[in-house]
Amino acid sequence: MVNLPEKKVGVVSCSGEGCVEGTISRIATRLVLEKFRPENTVTICLPLFLAGGKEERAFAKEYPTITVDGCNKSCAKIGTERHSGKVASSIVVTDLTDSRECVRSKSKRKLAEEDLSLAERVAEKIAQEVDRILNLGR
Amino acid sequence: MKTAPPRKVMVIPCSGIGKPLGSVSREAVYELIENIRKHNTETVCLALLVCGDKEALRLVRENKCIAVDGCSMQCAEKNLKHVGGNVVASFRVVDALKQNRKLKPKSVTFLDSDGLELATVLASQVARKVDEILSK
């Protein structure tokens, strides 16, 4: 088991290569780790987790996790719960958009300003969930 | 007379989120599918595949696949093989890094110039493999 201090939340992003919302979920997760809650969060590499990563699966069993999915197929949530039990919270990027659907026609790597803004909003929501789970009362 | 649709090669990155190598794998694949081989390549969400989505599984079983992994854990290749994907080649960012030692990508969220350059180099290598596969 990886040696981690107490009071950490694992944030698991979908890989989401197929639509821009997957890239947004990934960027939002990194923003939480680097900017919003660096002291309270770690990330788990979903492909490694799904490929059988023992430390990743053990972490997700022992510590609370938040999954961040690009679309309502919720692969990060399904994969995490399949191998490590119920997640503490789950967020779906398209739930925060007007269309509530994946946009497949857009570039998945060159994010428009509104996509970056959405990534910030998703990151803020993840940070709120981290505070709630850890009872930080910010 | 109808022309046959172009043949496609599926190119699947690991998209690892913990290190710059995963971001480079993802960027290299987007360089292929959105730019240098956009008519001959396609990608699919790796997690969707592992979760058993029927259409995603059909795509990787009926088409030839290239795995593009960041590190030696080779999660994209392992997961593709696990679901019965037709893997015909695999690349690793860490190998491209060894061939281009002057490049030292550091950022994960938004790739720095070294990360972008490494992705471009790797995309060219994968593009040559795509051409080789489609020429057979």
Side-chain angles (χ1 to χ4, degrees), chain A residues 10-35 42-56 67-83 102 104-111 116 119 123, chain B residues 10-35 38 41-56 59 67-83 107-111 115-116 119 123:
Chain A
V11 187
V12 189
S13 169
C14 77
S15 58
E17 291 91 352
C19 62
V20 69
E21 288 77 9
T23 304
I24 291 169
S25 73
R26 180 183 167 86
I27 288 174
T29 298
R30 289 297 316 183
L31 285 175
V32 171
L33 257 68
E34 293 172 6
K35 178 178 160 187
V42 294
T43 190
I44 294 170
C45 194
L46 184 64
L48 180 57
F49 180 91
L50 296 174
K54 286 182 182 162
E55 287 193 359
E56 285 68 21
T67 52
V68 187
D69 279 294
C71 73
N72 62 12
K73 293 196 172 178
S74 297
C75 301
K77 183 183 181 192
I78 291 168
T80 305
E81 294 197 333
R82 185 181 291 170
H83 298 291
C102 268
R104 295 191 184 274
S105 55
K106 282 172 115 175
S107 170
K108 288 107 185 165
R109 61 172 173 169
K110 290 180 181 134
L111 296 191
L116 291 170
Chain B
M10 302 302 296
V11 191
I12 318 293
C14 75
S15 294
I17 197 169
K19 302 174 197 161
L21 300 178
S23 299
V24 172
S25 78
R26 188 179 181 93
E27 177 69 19
V29 167
Y30 285 149
E31 173 67 5
L32 275 167
I33 66 165
E34 292 188 2
N35 191 16
K38 63 181 174 186
T41 57
E42 196 176 326
T43 195
V44 66
C45 296
L46 185 59
L48 187 61
L49 268 179
V50 180
C51 286
D53 181 85
K54 282 183 183 163
E55 176 58 13
L59 283 170
V68 183
D69 279 298
C71 71
S72 59
M73 302 298 286
Q74 294 183 253
C75 300
E77 185 180 349
K78 279 182 193 164
N79 281 313
L80 266 169
K81 286 182 173 170
H82 179 71
V83 299
S107 62
V108 182
T109 313
F110 300 103
L111 282 176
L116 290 169

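Each chain gets a letter, A, B and so on, in the order its sequence line appears, and its residues count up from 1.
- Across B:I12, B:L111, B:L48, B:V44, the residue that shares the most heavy-atom pairs under 4.5 angstrom with chain A is B:L48.
- When all heavy atoms of A:I44 and B:I17 are compared, the closest pair comes out as O-CG2, 4.0 Å.
- Looking at B:T109, the atoms closer than 4.5 Å to chain A (heavy atoms on both sides) sit in the backbone and in the side chain alike.
- Judged by distance alone, the side chain of B:E34 and the main-chain N or O of A:S107 form no donor-acceptor pair under 3.5 Å.
- Between chain A and the options B:E31, B:E42, B:H82, heavy-atom pairs under 4.5 Å are most frequent for B:E31.
- Ranked by non-hydrogen atom pairs under 4.5 Å with chain B, the options A:T43, A:I27, A:I78 are led by A:I27.
- Counting only residues at least two apart or on different chains, the side chain to side chain donor-acceptor pair (under 3.5 Å) pairs with a member in residues 67-76 of chain A are A:K73-B:D53.
- Of all heavy-atom pairs between A:C75 and B:A47, the closest is CB-CB, 3.7 Å.
- Contact annotation for A:L48: both backbone and side-chain heavy atoms come within less than 4.5 Å of a heavy atom of chain B.
- The contact between B:V50 and chain A is made by backbone and side chain atoms together, counting heavy-atom distances below 4.5 Å.
- One distance of note links CD1 of B:I33 with NZ of A:K108; it measures 5.0 Å at 0.5 Å rounding.
- Residue B:R26 comes nearest to A:T23 through the heavy atom pair NH2-OG1, 3.2 Å, listed as atom of the first residue, atom of the second, then distance.
- Between B:L46 and A:P47, the closest heavy-atom pair is CD2-CB, 3.8 Å.
- Nearest heavy-atom pair, A:S15 versus B:S15, reported as atom, atom and distance to 0.1 Å: CB-CB, 4.1 Å.
- Summarising the geometry, atom CD belonging to A:E34 is positioned 8.0 Å from atom OG belonging to B:S107; distances are rounded to the nearest 0.5 Å.
- Remark: A:H83 engages A:F49 in a ring-ring contact (aromatic ring centres under 6.0 Å, His included) (not counting sequence neighbours).
- Residue A:K106 places its NZ atom among more than 12 non-hydrogen atoms of other residues, nucleotides or ligands, all under 6.0 Å distant.
- Taken to the nearest 0.5 Å, the OG atom of B:S23 stands 7.0 Å off from the CZ atom of A:R30.
- In terms of heavy-atom proximity, A:R26 sits nearest to B:G16 at NH2-O, 3.1 Å.
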